[in-house]
Amino acid sequence: MSSSIIYTGGESASLTGGINLKVSDYLREPGECLLIINAIGDRLGSLMKRPGYTLIGAALASSQDILGLQPYYQAGASKRLFGIVNGGSNATIHVSTGGAWTSINSSLLSDALYQGCQFLDTVFFVGYSSGSSTFATNFLMTGTSFSTSQANINGMPQGKFVCRAADLLYVGNARSGGTNYPSRIYFSSVPSSGVITWTSTNFVAVPEDNNEEISWLEESNNQLLIFKERSLYRWDESVLVKVADTGTPLPGRSVKTVGYYTFFYSQNGGGVYAYSGGKPKLISQKIQPLIDAITQTSLDDLRAEADYDHYYLFVGDVTIQLPYGDTMSVTNAVYVYTISTNSWYVYSLADSVKGMCRFVDDTNGFDRVYFGSTGEVFRLAYDVDSVSSDDGDSISGLIRYRTPIGAFHELKVVHKAYPLVDRAQGMTFRARADNRDWKRETQINQNAQMIPLDLEGRIFEFEITESSIFAPFILNGMAFIADQRTNSP
C-alpha cells in the first residue's frame, strides 16, 4: 500500500494555484483546483474562505442603483467618497468620510453612468445615459461645493469618460457644439495657476472610420490608453499609436491599473488581458469556461476594481459549464485574479455590483475596495478586519479538487481521506471517482478527520463546502491513503 499527499510545505505543491478549468485532469498542476467559489489563496499554501463586506453608513436610497463612486483626496481636508444614486426623476450625489452619507445635490440626470476624475484639487464629473442617449451636464466638486459653471469646466465637452494623464485632462467619446464624436478625445490646456481652458480644436481623432466607439480612457505609465470596442491605442501628447486589435466593450468599466499593469476584459479578444507595454497578454486561459459564461446581455453589468494584489471583475449572474456535462450557477459572480500568484478564484456576493472604486478613509491606512449596489455602498474586508459575512448574510464556500493520485493510467483504490483544515466548523465533504455519483458525504468537525472512502477509479474528485457567518475555514491540504488495484489493466 502507498500513500499520496498534497499539503503545504515539503516537496508537495501548495493549494494556491487557483482554478484551472481548461486543462486535462492528467495535466492539472497539484496545487490547482477544478473550481473555487468564495475562497482564495492569499494565505500562501492554503485556501481560506474569503472575508465578507460591511455597509458604509445607511442606504443612500431605497431600491435605486448606485450610478457612480469616486474618491476625493483634497489637500488639508478629510478624505471623502462621493456616491451618486439614481432617483425617480433625478439622481443625487452624496458624500461620506467613511461613515454616514450627506446629500449634496439632487439635480443630476437619472439613469446615467457617472465617472469622476480628480484634477487640480477638485473632481470633474461626466455622465451618460444609454437608455435615453443623453449626456449629463458636466459638474465639478470642490470640497463639498457643487458647480456646473466653475471656470475650469466652461467650454469642457460633455463625455462618457474623463481621465487625467500627465498634466492634461481628457474627455472621451464626447459631445461638443451639439455634435456627438464617439471616436474623439478632447484635452484641456496645461494648468496655469490652477486654471485650465478648453477649445473646440484641442482634440485627437482616434480612427473615426472603423465603426468603433471609444469605450474607456486610462492613464498608464504617464501615457493615455484609449480603449475602443475592438482596439487599443496609446497617446503621449504628440503621437497616437495603435497598440493592438484588442479592445473592451462599452460601457468600459472592466479597465483597471495596478502599478505597471492595466487589466481589462476584451469581448473580441475572448478573455482578460494585462498590458504593461508592448502587446496585451491574455491571462485568463485557465478559466476560459468562466469567460465563456459572460453573455452579450451581461456586458452592461461588467464592473471592475483592483487593490495591491487583486483584480476584481464583476460579471453578474453566470452559469458555468464544468467538464463532463456538469453546470453550476453563480449569483453576483466576481472573477478574482491574484497578481502575485497568477491565479484565479470566483466570488459569489449576496449583493449585486453597480459601481466600484478604491478608497482610503481617515480610519483605514490602506486602499480598500468599495462597491455600490441597490441604494447601498459596501467595503470589502481583508483578513485583518475579521468580517465573515456579507453584511450579515452567510458566505458559502466551495472547493473542488480533482487528481489522478499518482500514475494517471493506473487503477487505484482510495481507502481514506484526511482533510487538513483549520476551523472545520461543520464543513461538508464528499467524493467520487471517474465522474460517477458523489459518495461518502460527511460532516467535518476536526482537523485531519479520517473519512473512509474505498473508491476505485483513475480520477478522483473531492468537494468541500461550508456556509456560515463564522470565522473563515482554512483548507491546508488533503492527505489520502491509496493503493494500486492488484489486477490493474
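Asp385 has a carboxylate O that lies under 4.0 Å from a charged side-chain N of Arg368, or vice versa, which qualifies the two as a salt bridge. Salt bridge annotation for Asp390-Arg50: present, with a cationic side-chain nitrogen under 4.0 angstrom from a carboxylate oxygen.
The two residues Arg400 and Glu463 make their nearest non-hydrogen contact at NE-OE2, 2.7 Å. Nearest heavy-atom pair across Ser373 and Ser352 is OG-O, 2.8 Å.
The salt bridge (charged side-chain N to carboxylate O under 4.0 Å, His left out) analysis of residues 79-93, with sequence neighbours excluded, yields the pairs Lys79-Asp362.
Between Phe371 and Tyr53, the ring-plane angle classifies as perpendicular under the 30° and 60° cut-offs. Below 30°, between 30° and 60°, or above 60°: for His310 and Tyr312 the angle between ring planes is between 30° and 60°, a tilted geometry. Ring planes of Tyr311 and Trp344: perpendicular class, angle over 60° (limits at 30 and 60°). Aromatic ring pairs are classed by plane angle as parallel below 30°, tilted from 30° to 60° and perpendicular above 60°; the pair Phe125 and Phe82 is perpendicular.
Residues satisfying the side chain to side chain contact (heavy atoms under 4.5 Å, CB included) criterion with Ile469, sequence neighbours excluded, are Ser389, Ser394.
Checked by atom type, the side-chain pair Thr262/Glu218 shows no donor-acceptor distance below 3.5 Å. Side-chain atoms of Asn210 and Lys228 form a donor-acceptor pair, as typed in the model, at a separation below 3.5 Å. For Ser254 and Thr248, the side-chain atoms include at least one donor-acceptor pair closer than 3.5 Å.
Judged by the 6.0 Å distance and 45° axis criteria, Arg184 is positioned over the aromatic ring of Phe203.
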Starting from the C-alpha separation in whole Å, work towards a yes-or-no answer on salt bridge (charged side-chain N to carboxylate O under 4.0 Å, His left out) for Arg43 and Asp383.
-> CA-CA 10 Å; Arg43 176 171 168 151; Asp383 296 346; over 6 Å; no
Does the pair Ser231 and Glu212 meet the rule for a side-chain hydrogen bond (donor to acceptor under 3.5 Å, both in side chains), with working shown?
-> CA-CA 8 Å; Ser231 56; Glu212 288 184 76; 3.2 Å; yes
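Note: Phe264 and Phe227 meet the aromatic proximity criterion, with ring centroids under 6.0 Å apart.
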